[in-house]
Amino acid sequence: MNIKILYFARIKESVNYSTEDVLLPSSVKTITDLKDYLAQRGDVWTDLFSTQQTIRAAINHELVDNIAAIHDGDEVAFFPPVTGG
Amino acid sequence: MNIKILYFARIKESVNYSTEDVLLPSSVKTITDLKDYLAQRGDVWTDLFSTQQTIRAAINHELVDNIAAIHDGDEVAFFPPVTGG
Amino acid sequence: MTVRIQTEDFDVAAELATLKSSKADVGAIVTFIGMVRDLDDGDIVKTLTLEHYPGMTEKSLSAIEQEAKSRWNINQSLIIHRVGALKPSDQIVLVVVTSPHRAEAFAACEFIMDYLKTKAPFWKKE
Amino acid sequence: MTVRIQTEDFDVAAELATLKSSKADVGAIVTFIGMVRDLDDGDIVKTLTLEHYPGMTEKSLSAIEQEAKSRWNINQSLIIHRVGALKPSDQIVLVVVTSPHRAEAFAACEFIMDYLKTKAPFWKKE
């Protein structure tokens, strides 16, 4: 399936871009799967997505946890804990 | 002893004045004693001070309860529950 | 730590500007404005009169502020309470608390209002 | 029920005046103003940049307001959050809640701030 991925704050700065369109293999079904998939890119990706770093995820503008399912056409965002206010 | 008594809000309106200087008999030692003393004046005084109506008291600008002791020269105030804000 | 009792209205923006001009490390400002609710049963707009106990009022409000300052880390506080004739939707009371932290500003401001409502010698007469 | 995300500063007095002009039976207005704390370690005054997730930000803040409205009896609410470059003592966020009752106004305003701090997609970068 095709999804769009957005990165924010220090995650954006680490991977060095803010958005990408990705064609995912059918084995990627959840946020956890997607993190594992991105971690395989090596270097900063591995550091960010395979460790126990706190990375929050949203699907279509809703905060979700790691077991959330991803569907074709979704907008998935990864970001550190929020610090507004 | 000599004290000054102040009345506020609906108590002031019932007794029809706001302040008086009173020479108390030595038997009046506490707020309860003073209420009983004032109740003996009859009419509205009895209605106000001998019933279970909620009347708050202050001595020298501090809220006190019925067992508080009164001393010569004190300013004692009687008023209904407060309703500011 | 300021307390004012006055018949005239207050200007929230001016009061906030004065508080903000301090050099303290303020992260949070919580403001409470109390207003006269609509007492209207029909077409007649009622007014109310606020009476107080001069001398005791200032003393009790200062005690409230001191108590709040002893409980929470607050930079500044301001209490303005009006007395005299008021009509529906008039401002009655302003409480402002500034603090480095929001939870303390909220707690102190609400504490001051609760305390004021139960301890400060004001009486409304419709 | 209003949410605004903006780079420019906000005018608390003007926002309060707009809210007060409503005909609702408001007895209490609780206002929270969040400000940039002094990040200064020495002589250099630091600035910070606030980034957000356009689209999700507005949606999450509206959801926060809806949740507050479902829990408490509130007349109106307003959330303004700034993004972009900010310096110490700049205003960051404004939350205003009006209600017939003070306890509900306090609870709803603090709830919105707590929720915003933990759920709304803003990030500060020094």
Side-chain angles (χ1 to χ4, degrees), chain B residues 1-22 24 30-32 34-35 37-38 44-45 47-49 51-85, chain C residues 3-7 10 31-37 39 46 48-68 78-86 90-96 109-126:
Chain B
M1 63 186 162
N2 286 284
I3 65 163
K4 179 188 284 260
I5 309 181
L6 280 67
Y7 306 96
F8 291 96
R10 72 173 162 71
I11 297 175
K12 175 180 66 182
E13 285 150 27
S14 296
V15 305
N16 218 19
Y17 49 90
S18 62
T19 180
E20 62 175 321
D21 292 300
V22 186
L24 294 178
T30 65
I31 293 292
T32 296
L34 180 56
K35 285 181 174 175
Y37 176 77
L38 294 172
V44 297
W45 297 93
D47 293 343
L48 283 171
F49 289 100
T51 61
Q52 293 309 305
Q53 284 205 45
T54 305
I55 295 188
R56 303 248 187 271
I59 298 178
N60 300 331
H61 296 157
E62 300 274 356
L63 275 181
V64 294
D65 53 29
N66 282 328
I67 61 168
I70 301 170
H71 300 95
D72 188 57
D74 278 353
E75 176 175 308
V76 178
F78 289 112
F79 43 80
V82 303
T83 57
Chain C
V3 169
R4 296 213 306 269
I5 311 298
Q6 59 190 45
T7 51
F10 47 81
T31 301
F32 177 86
I33 305 165
M35 299 171 78
V36 181
R37 293 185 60 188
L39 312 165
K46 293 177 188 158
L48 63 80
T49 304
L50 254 158
E51 180 185 351
H52 77 123
Y53 180 178
M56 179 169 168
T57 313
E58 294 79 355
K59 205 180 282 187
S60 67
L61 294 181
S62 293
I64 291 169
E65 278 190 328
Q66 284 296 345
E67 181 66 25
L78 167 68
I79 303 175
I80 301 177
H81 204 293
R82 292 177 69 189
V83 292
L86 295 169
D90 277 355
Q91 302 184 126
I92 304 177
V93 60
L94 174 67
V95 176
V96 186
C109 189
E110 188 162 17
F111 170 83
I112 288 173
M113 273 308 302
D114 287 347
Y115 208 102
L116 183 155
K117 282 261 186 186
T118 53
K119 308 274 188 182
F122 294 102
W123 302 277
K124 285 176 187 146
K125 186 189 170 191
E126 290 186 20

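First the proteins, then the strands, lettered A, B, ... as listed; each starts at 1.
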key: Mutual orientation of the aromatic rings belonging to C:Tyr53 and B:Phe8 [parallel < 30°, tilted 30-60°, perpendicular > 60°]   = tilted
remark   = dist B:Thr83:OG1 -> C:Glu126:CD (nearest 0.5 Å) comes out at 9.5 Å
C:Thr49 versus chain B, the contacting section by heavy-atom distance below 4.5 Å = neither
ask   = Of the non-hydrogen atoms in C:Trp123 and B:Pro80, which two are nearest, and what is the gap between them?
value = NE1-O, 2.9 Å
request  = Under 4.5 Å heavy-atom distance to chain B, tell me which part of C:Lys124 shows up: side chain, backbone, both or neither.
outcome  = both
task = Quick one: closest heavy-atom pair of B:Val82 and C:Leu116, and the distance?
result = CG2-O, 4.5 Å
message = Please rank C:His52, C:Arg82, C:Lys59 by heavy-atom pairs under 4.5 Å with chain B and give me the top one.
response = C:Lys59
query = What is the distance from atom CZ of B:Arg10 to atom NZ of C:Lys125, rounded to the nearest 0.5 Å?
reply = 12.5 Å
key: Considering all heavy atoms, the nearest B:Ala58-C:Met56 contact   = CB-SD, 3.6 Å
inquiry  = On a heavy-atom basis, which atom in B:Leu63 and which in C:Lys119 lie closest, and how many Å separate them?
reply    = CD1-CD, 3.8 Å
